Amino acid sequence: MLTLSSDIKYIRGVGEKRAELFNKLGIFDVRSLLGFYPRKYQDWSREMTAAQCESGENACIRATLISPVREHLIRKGMTVYKCSFTDGETTIRVTLFNNKYLAKSLRQYKEYVLFGRIDKKLTFAEMSAPKIEDAEKNIGIHPIYPSTEGLNSNAIGKTVKSALDSIGKIAETLDTDFRLKYGLVSLDFAIRQIHFPDDFEKLEKARYRLIFEELLILQLGLLKLKGKKKTETRAKIGRDYTEEFYSLLPFTPTNAQKRAIAECVSDMSGEYAMNRLVQGDVGSGKTAVAAGAVFTAIKNSFQCALMAPTEILAVQHAQTISKMLAPAGIKTELLTGSTPAKEKRLIKERLANGETDLAIGTHALIQNDVEFKKLGLVITDEQHRFGVNQRASLAMKGLGAHTLVMSATPIPRTLALMIYGDLDISVLDEMPAGRRQIRTDIVDSRYHARIYEFVKKAVGRGEQAYIVCPLVEEGESDLLPAVQYAEKLSETAFRGINIALLHGKMKAAEKESVMNAFVRGDVKILVSTTVIEVGVDVAAATVMVIENAERFGLSQLHQLRGRVGRGTAQSYCILVSDSKSETAKNRLAVMKNCSDGFKIADEDLKQRGPGDFFGNRQHGLPDLKIADMLSDTETLTLCRRAADEILFEDFNLDLPKNKLLADEISDMFRNSLSN
């Protein structure tokens with residue numbers, strides 16, 4: 001008898017060669033085969049006659065073969081087979097293409113079930129390449145699996161059936177009382193019905209059980225990960241200095257900022273180190289929140305460190321935060337790769353002896369020779385740009401230091417729960433007063449001359465502009481590449497105006513140099529790829545032109561748009577697209593009509609799905625086989641509550657009833673839990 005861990009090749013009808021095809025689909029054993037769920041189902045349970053069907057619809061018809069199957073060689077590599085069936089009322093002429101196996105298996109005067117598109121003529125009907133099964137073998141609802149070359153859905157279904165017939169009852173992962181409480185069918189029932197449902201009601205019960213368990217395992221894993229990351233701290237603060245911090249500010253913080261600072265202070269007052277994400281839209285005031293947390297930590301005699309992904313961002317943070325904190329006598333220093341050697345040595349000495357309160361810098365902060373006397377709070381900006389080990393290296397220089405992570409990428413709440421399940425989350429969902437709305441327009445390429453004139457007028461007023469292209473070099477597609485576009489513009493529309501080019505294939509030092517020139521105002525127009533989507537504040541930049549805008553995701557477009565509107569002047573975002581696609585037009589319309597990054601992120605998630613939301617899965621989110629973060633949000637919330645209950649009773653999942661559940665968590669989080 002097979003077990004769940006049995007190699008796929010041992011299932012009847014598989015063997016070594018076919019096992020290699022299954023391996024291409026990520027299926028290596030019986031467990032992964034049974035977890036390879038159908039992507040959809042065909043309803044063969046509602047049998048009809050040809051007379052009852054509408055022409056052009058998919059139909060399931062029980063009919064008898066009444067003619068021999070005749071073979072016709074059309075051309076080399078193409079053989080068709082023709083035959084006729086009757087459902088008792090109508091003759092159905094069937095054509096099969098290159099399907100010798102099926103054609104040879106059909107027997108005259110035998111009853112079959114035909115499934116496929118039916119085209120009705122005056123006195124007969126036609127079906128082209130229908131699926132055909134023996135009438136007595138019709139299982140009613142047919143599963144359709146994702147397939148690969150040499151391994152079709154039908155073959156996968158037969159292998160699943162063979163495996164289910166050979167393994168006996170599947171062991172239950174959830175306690176009986178727990179299943180009854182949440183209305184869940186048994187795992188054995190769910191697995192068998194998800195593959196070969198008796199009816200749609202049972203299929204729905206099976207789906208719900210499997211979705212619930214998958215989301216429960218995800219939530220349990222994330223909560224355990226959060227618990228595992230809880231470390232006792234020697235940087236516990238004794239007093240809250242937030243009101244004193246507010247008195248230093250030349251503006252009134254938003255309620256969202258006040259709430260986030262209060263959450264940080266509350267975390268830092270506890271026995272365990274803070275591990276919090278502050279997530280907010282571009283311009284929502286994350287830096288002020290970071291400064292608020294820093295102020296209270298320093299007033300409690302701890303040092304702080306802030307690490308930014310680029311030197312130019314580090315410089316910006318140093319300027320902004322030191323301006324806020326200097327009146328209170330707080331000493332801030334900037335440490336980057338380009339800091340002169342002598343100055344670096346002196347800064348490191350001051351950090352080690354405790355003279356410096358706050359160090360702001362890049363990766364230079366995590367070098368082995370950088371030591372702190374009493375590091376209590378570590379902040380990382382745009383944390384997805386740093387590896388886990390880089391962030392941990394900085395935190396380890398402290399006394400069980402508190403960690404605060406900042407992100408300007410709005411993420412839908414459900415997705416944030418998944419990705420940042422090991423962090424507590426503060427959301428800045430409110431914009432500071434007086435921030436001007438960026439006017440967004442959608443035009444096609446016929447407007448280029450007018451766009452260029454608009455940009456020239458802005459430059460004439462002392463303002464600056466970005467022009468963003470999706471590609472860098474020729475040959476990548478038919479779209480206008482950034483390199484050639486920048487050359488063309490400097491020789492034609494913007495002759496005499498200082499233009500620079502910025503793209504991802506440039507060396508880091510080159511990028512820094514170009515961006516610095518733009519910040520200083522030496523460069524008036526910056527032609528760029530998306531490397532500027534998370535960048536520095538350039539108050540004079542008021543125009544953002546995005547070419548081939550349909551090629552970008554909504555969240556990416558919103559991030560790009562957020563590069564302008566940082567000063568007091570009215571700013572503009574011009575989306576250029578010649579796309580005739582209604583989907584593309586609707587997506588761009590969302591950008592024109594909405595400025596809320598979280599709403600845009602929700603729409604982006606709906607349109608592109610979680611798999612594409614972050615591109616190359618840079619956040620390490622575990623794969624979900626059957627649950628969907630959009631349609632299953634209610635179940636996700638219920639599972640969070642259920643996970644809390646389980647861990648409250650048995651955090652380490654040591655009880656016998658939770659053993660198999662613990663194994664499932666380890667399987668899903670194999671990589672995350674080992675970090």
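Index from 1, following the sequence. The basis for the numbers below is simple: all heavy atoms, side chains too, and nothing from hydrogens, waters or symmetry mates. These numbers come from a predicted model, not from an experiment.
- When all heavy atoms are compared, the tightest approach of A288 to F251 is CB-CZ, 4.2 Å.
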Run I600 and R561 through side chain to side chain contact (heavy atoms under 4.5 Å, CB included) and show every step you take. CA-CA 12 Å; I600 287 170; R561 177 170 62 183; 3.4 Å; yes
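- When all heavy atoms are compared, the tightest approach of G462 to A540 is O-CB, 4.1 Å.
- For Y241, the OH atom sits in a packed shell: over 12 heavy atoms of surrounding residues, nucleotides or ligands are nearer than 6.0 Å.
- With a 4.5 Å cut-off on side-chain heavy atoms, L248 and F295 count as touching.
- For the side-chain contact (heavy atoms from CB on, under 4.5 Å) criterion with V538, the lone passing option out of R566, R563, Q464 is Q464.
- Within the 4.5 Å cutoff, the side chain of L377 has no heavy atoms near those of the F302 side chain.
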Go through the steps for C304 and I298 under the test side chain to side chain contact (heavy atoms under 4.5 Å, CB included), then give the verdict. CA-CA 7 Å; C304 302; I298 290 171; 3.8 Å; yes
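- Residues E645 and F648 are not in side-chain contact: their nearest non-hydrogen atoms beyond the backbone lie 4.5 Å or more apart.
- When side chains are defined from C-beta on, L526 counts as touching V514, because their heavy atoms get closer than 4.5 Å.
- Checking side-chain atoms of E311 against main-chain N and O of T362 turns up no donor-acceptor pair under 3.5 Å.
- Few gaps surround NZ on K344; more than 12 heavy atoms of other groups in view lie less than 6.0 Å from it.
- Looking at R259 and D429, a side-chain N of the basic residue comes within less than 4.0 Å of a carboxylate O on the acidic one, giving a salt bridge.
- Closest of all the heavy-atom pairs between M274 and M268 is CE-CG, 4.0 Å.
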Would L653 and I646 count as a side chain to side chain contact (heavy atoms under 4.5 Å, CB included) if you check the C-alpha gap in whole Å, the side-chain angles of each, and the deciding distance to 0.1 Å? CA-CA 8 Å; L653 302 178; I646 291 171; 3.6 Å; yes
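- The side-chain contact (heavy atoms from CB on, under 4.5 Å) with K286 is formed by just one residue from the set Q279, M406, Q257; it is M406.
- Atom CD1 in I330 sits 12.5 Å away from atom OG1 in T356 (nearest 0.5 Å).
- Under a 3.5 Å cut-off, the side chain of E430 and the backbone N or O of A256 do form a donor-acceptor pair.
- Side-chain contact, R276 with S426: a donor N or O sits under 3.5 Å from an acceptor N or O.
- In this structure, CD1 in I525 is found 13.0 Å from CG in L501, a value given to the nearest 0.5 Å.
- From L557, atom CG reaches atom CZ of R587 across 7.0 Å, with rounding to the nearest 0.5 Å.
- In this structure, E512 contributes its side chain and I312 its backbone to a donor-acceptor pair below 3.5 Å.
- Atoms OG and NZ, on S513 and K507 in that order, are 13.5 Å from each other to the nearest 0.5 Å.
- Put simply, the side chain of D267 never gets that close to the backbone of N275: no donor and acceptor are under 3.5 Å apart.
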Would you please test N658 and D654 for side chain to side chain contact (heavy atoms under 4.5 Å, CB included) and show each step? CA-CA 7 Å; N658 291 327; D654 291 330; over 6 Å; no
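- Looking at N353 and K373, their side chains never come closer than 4.5 Å, going by heavy atoms from C-beta outward.
- To the nearest 0.5 angstrom, I261 atom CD1 is 4.0 Å from Y246 atom OH.
- No side-chain heavy atom of I467 sits under 4.5 Å from any side-chain heavy atom of V543.
- Residues V315 and N516 have side chains not in contact (no heavy-atom distance under 4.5 Å, counting atoms from C-beta outward).
- Within a 6.0 Å sphere centred on CD of E343, heavy atoms belonging to other residues, nucleotides or ligands number more than 12.
- Using a distance-only test at 3.5 Å, with no hydrogens or angles considered, no donor-acceptor pair links the side chain of N498 to the main chain of K524.
- Put simply, the side chain of T320 gets close to the backbone of Q316: a donor and an acceptor are under 3.5 Å apart.
- Residues Y572 and V564 fail the side-chain proximity criterion, which asks for heavy atoms closer than 4.5 Å.
- Comment: K348 does not engage E371 in a salt bridge, judged by the lack of any side-chain N to carboxylate O separation of less than 4.0 angstrom.
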